[in-house]
There are 2 protein chains.
Amino acid sequence: MISKTLTAASTKPIILGILKQGSSYGYLIIKKIKELSGGKMQYSDGMLYPVLHKMEKDGWIESSWSLKNETRPRKYYEITTLGKEALHQEQSQWAQVNSVLNQIWEPKTEIQ
Amino acid sequence: MISKTLTAASTKPIILGILKQGSSYGYLIIKKIKELSGGKMQYSDGMLYPVLHKMEKDGWIESSWSLKNETRPRKYYEITTLGKEALHQEQSQWAQVNSVLNQIWEPKTEIQ
DNA sequence: TCTATATACATAGAATTACAAAGTATAACG
DNA sequence: CGTTATACTTTGTAATTCTATGTATATAGA
């Protein structure tokens, strides 16, 4: 299982990345993340939905209730222009942090 | 500047990585991180010291006041066996999260 | 000599955030 | 017709973060 802090740090970039590939809804996003991580990352609904609300409030994503003749109502989310910008920023920040970690970890002093 | 959550997620693995290369003390660790990140990551002392205390409480690191004839007292930290194990776990978790992010980000649908 | 800055560590408490738990409702399956 | 899966919401507490404040000494510069 992935640590709490690392999960927290990756939630928004993961959601943005998923939504960039096409609109989706909360329940499906949870399943998608579980699948992509091989079960290592599992969000409860109580964890994910408030994040979606926050992201919508911040203008990163937009929602609409599906009118399509689906079996049940679903709240579909789409990424906004602002959300795409946020995603780029996230990607850049992850690259920077990974660079720092690699600098420290790389001289794999695994001599022992 | 790196986001709050990403900073939080990387603090412990960075400290563990630095200490694996040799013992160090709080003030120096702060400067080291700032240097390695090109100023992108800056910890205040009030942010870092409590983390060190927590890590020591958890048995990941051990401290001792320097008796060496230094200009002023410094609390040197060393990584423990438990800390090295924690570092390995962190590295594995970062790899897993990066894998998920790459899966989502890679099909860089930058067609537009 | 005096002052400002850098070094070095510590912690209380306010502010923020996370998230488990509980709630609502319907569809599908056996 | 009961159980499980689907689908979304929110409250309140628990945990965490980090700002602000405090202590103390060394050093550089004016």
Side-chain angles (χ1 to χ4, degrees), chain A residues 1-15 18-19 23-35 39 41-58 60-78 97, chain B residues 1-15 18-19 23-35 39-58 60-78 90 97:
Chain A
M1 196 58 50
I2 308 296
S3 74
K4 203 184 277 188
T5 49
L6 198 46
T7 302
S10 54
T11 303
K12 288 176 187 181
I14 287 176
I15 294 172
I18 289 174
L19 292 183
S23 70
S24 189
Y25 57 95
Y27 196 81
L28 192 58
I29 292 172
I30 290 172
K31 288 208 299 177
K32 181 88 178 168
I33 296 175
K34 189 180 170 185
E35 177 206 324
M41 305 185 86
Q42 288 189 40
Y43 288 90
S44 68
D45 44 7
M47 281 164 73
L48 195 90
Y49 287 114
V51 176
L52 288 173
H53 299 161
K54 176 63 163 48
M55 288 171 75
E56 183 167 30
K57 202 185 126 211
D58 290 344
W60 293 10
I61 58 178
E62 267 170 8
S63 68
S64 56
W65 286 95
S66 74
L67 305 171
K68 309 156 198 168
N69 52 344
E70 283 174 322
T71 54
R72 61 174 60 245
R74 287 165 179 164
K75 201 177 195 176
Y76 276 85
Y77 287 95
E78 278 181 71
V97 171
Chain B
M1 195 58 49
I2 308 296
S3 73
K4 203 184 276 189
T5 49
L6 199 46
T7 302
S10 54
T11 304
K12 288 176 187 181
I14 287 177
I15 294 173
I18 289 174
L19 292 182
S23 69
S24 188
Y25 57 94
Y27 196 83
L28 192 58
I29 291 172
I30 290 172
K31 289 207 297 179
K32 182 86 180 170
I33 295 175
K34 187 178 170 186
E35 177 206 323
K40 296 269 170 56
M41 306 184 84
Q42 287 189 39
Y43 289 90
S44 67
D45 45 6
M47 283 163 73
L48 196 90
Y49 287 117
V51 176
L52 288 173
H53 298 162
K54 176 65 163 47
M55 288 170 75
E56 183 168 30
K57 203 185 127 212
D58 290 343
W60 293 10
I61 57 178
E62 267 170 9
S63 69
S64 56
W65 286 96
S66 73
L67 304 172
K68 308 156 200 169
N69 51 343
E70 284 174 320
T71 53
R72 61 174 60 244
R74 288 163 178 167
K75 202 179 195 175
Y76 276 86
Y77 287 95
E78 277 180 72
E90 286 279 358
V97 171

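The sequence lines fix the lettering, A, B, ..., with proteins before strands; numbering per chain opens at 1.
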Asker: Whole angstroms only, please: what is the CD-C1' distance between A:Gln42 and C:dA18?
Answerer: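 After rounding, the gap between these two atoms is 18 Å.
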Asker: Between C1' on C:dT7 and CH2 on B:Trp65, what's the gap in Å once rounded to a whole number?
Answerer: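 It works out to 12 Å between those atoms.
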Asker: Want to settle it: does B:Val51 or A:Gly26 sit nearer the 5' end of DNA chain D, counting the closest nucleotide to each?
Answerer: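 Per heavy-atom nearest nucleotide, the more 5' residue is A:Gly26.
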Asker: B:Leu28 vs B:Ile18, test: side-chain contact (heavy atoms from CB on, under 4.5 Å). Steps then yes/no.
Answerer: CA-CA 10 Å; B:Leu28 192 58; B:Ile18 289 174; over 6 Å; no
Asker: Kindly say if B:Lys31 contacts the phosphate of C:dT7, meaning a side-chain N or O under 4.0 Å from OP1 or OP2.
Answerer: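 Yes.
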Asker: Measure from CZ on A:Arg74 to C1' on D:dT6 and round the result to the nearest Å.
Answerer: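 Going from CZ in A:Arg74 over to C1' in D:dT6 covers 8 Å.
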Asker: Check the distance between D:dC8's P and A:Glu56's CD and give it to me in whole angstrom.
Answerer: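 To the nearest whole Å, that distance equals 12 Å.
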Asker: List in chain and number order the residues that pass side chain to side chain donor-acceptor pair (under 3.5 Å) with A:Tyr27, two or more places apart in sequence or in another chain; answer none if no residue qualifies.
Answerer: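 Counting only residues at least two positions away or on another chain, A:Tyr27 forms no side chain to side chain donor-acceptor pair (under 3.5 Å).
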Asker: Testing the basics here: between A:Ile33 and A:Met41, what is the closest heavy-atom pair and its distance to 0.1 Å?
Answerer: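 Shortest heavy-atom contact: CG2-CB, 3.9 Å.
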Asker: Please determine whether a side-chain nitrogen or oxygen atom of B:Lys54 lies at a distance below 4.0 Å from atom OP1 or OP2 of D:dT17.
Answerer: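 So the side chain of B:Lys54 is outside the cut-off, no N or O lying under 4.0 Å from OP1 or OP2 of D:dT17.
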Asker: Please determine whether a side-chain nitrogen or oxygen atom of A:Tyr25 lies at a distance below 4.0 Å from atom OP1 or OP2 of D:dA7.
Answerer: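 A:Tyr25 to D:dA7 OP1/OP2: side-chain N or O found under 4.0 Å.
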Asker: Apply side chain to side chain contact (heavy atoms under 4.5 Å, CB included) to A:Ser44 and list each qualifying residue two or more places apart in sequence or on a separate chain.
Answerer: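 Checked A:Ser44 against side chain to side chain contact (heavy atoms under 4.5 Å, CB included); matches are A:Met47.
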Asker: Using nucleotides 19-28 of chain C, report all nitrogen or oxygen pairs with the protein that are shorter than 3.5 Å.
Answerer:
unit_1	atom_1	unit_2	atom_2	d
C:dT26	O2	A:Arg72	NH1	3.1
C:dT26	O2	A:Arg72	NH2	2.2
C:dA27	O4'	A:Arg72	NH2	2.7

Asker: Should B:Tyr27 be listed as having a side-chain N or O under 4.0 Å from OP1 or OP2 of C:dT7?
Answerer: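 For C:dT7, OP1 or OP2 has a side-chain N or O of B:Tyr27 closer than 4.0 Å.
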Asker: For D:dT9 and A:Tyr49 - does any side-chain N or O of the residue sit under 4.0 Å from the phosphate oxygens OP1/OP2?
Answerer: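 A:Tyr49 to D:dT9 OP1/OP2: no side-chain N or O under 4.0 Å.
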Asker: Taking C-beta and beyond as the side chain, do A:Met55 and A:Tyr77 meet within less than 4.5 Å on heavy atoms?
Answerer: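 No. Closest side-chain heavy atoms not under 4.5 Å.
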Asker: Between A:Lys34 (NZ) and D:dT6 (P), how many Å, whole number?
Answerer: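 My rounded result for the distance is 9 Å.
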Asker: Which one, D:dT17, D:dA7, C:dC9, comes nearest to the side chain of A:Thr5?
Answerer: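 Among the listed nucleotides, the one closest to the side chain of A:Thr5 is D:dT17.
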Asker: Tell me, with the steps shown, if B:Leu52 and B:Glu56 meet side-chain contact (heavy atoms from CB on, under 4.5 Å).
Answerer: CA-CA 6 Å; B:Leu52 288 173; B:Glu56 183 168 30; over 6 Å; no
Asker: Roughly, in whole Å, what's the span from CG in A:Leu6 to C1' in D:dT16?
Answerer: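 From A:Leu6 CG to D:dT16 C1': 16 Å.
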Asker: Specify the separation, in whole Å, of atom CE of B:Met55 and atom C1' of D:dT16.
Answerer: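 Interatomic distance, CE of B:Met55 to C1' of D:dT16: 16 Å.
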Asker: Find the distance B:His53:NE2 to C:dC9:P and express it as a whole number of Å.
Answerer: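 Between P of C:dC9 and NE2 of B:His53: 9 Å.
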Asker: Begin with the C-alpha distance, continue with both residues' side-chain angles, and end with the deciding distance and a verdict on side-chain hydrogen bond (donor to acceptor under 3.5 Å, both in side chains) for B:Thr11 and B:Tyr43.
Answerer: CA-CA 9 Å; B:Thr11 304; B:Tyr43 289 90; 2.7 Å; yes
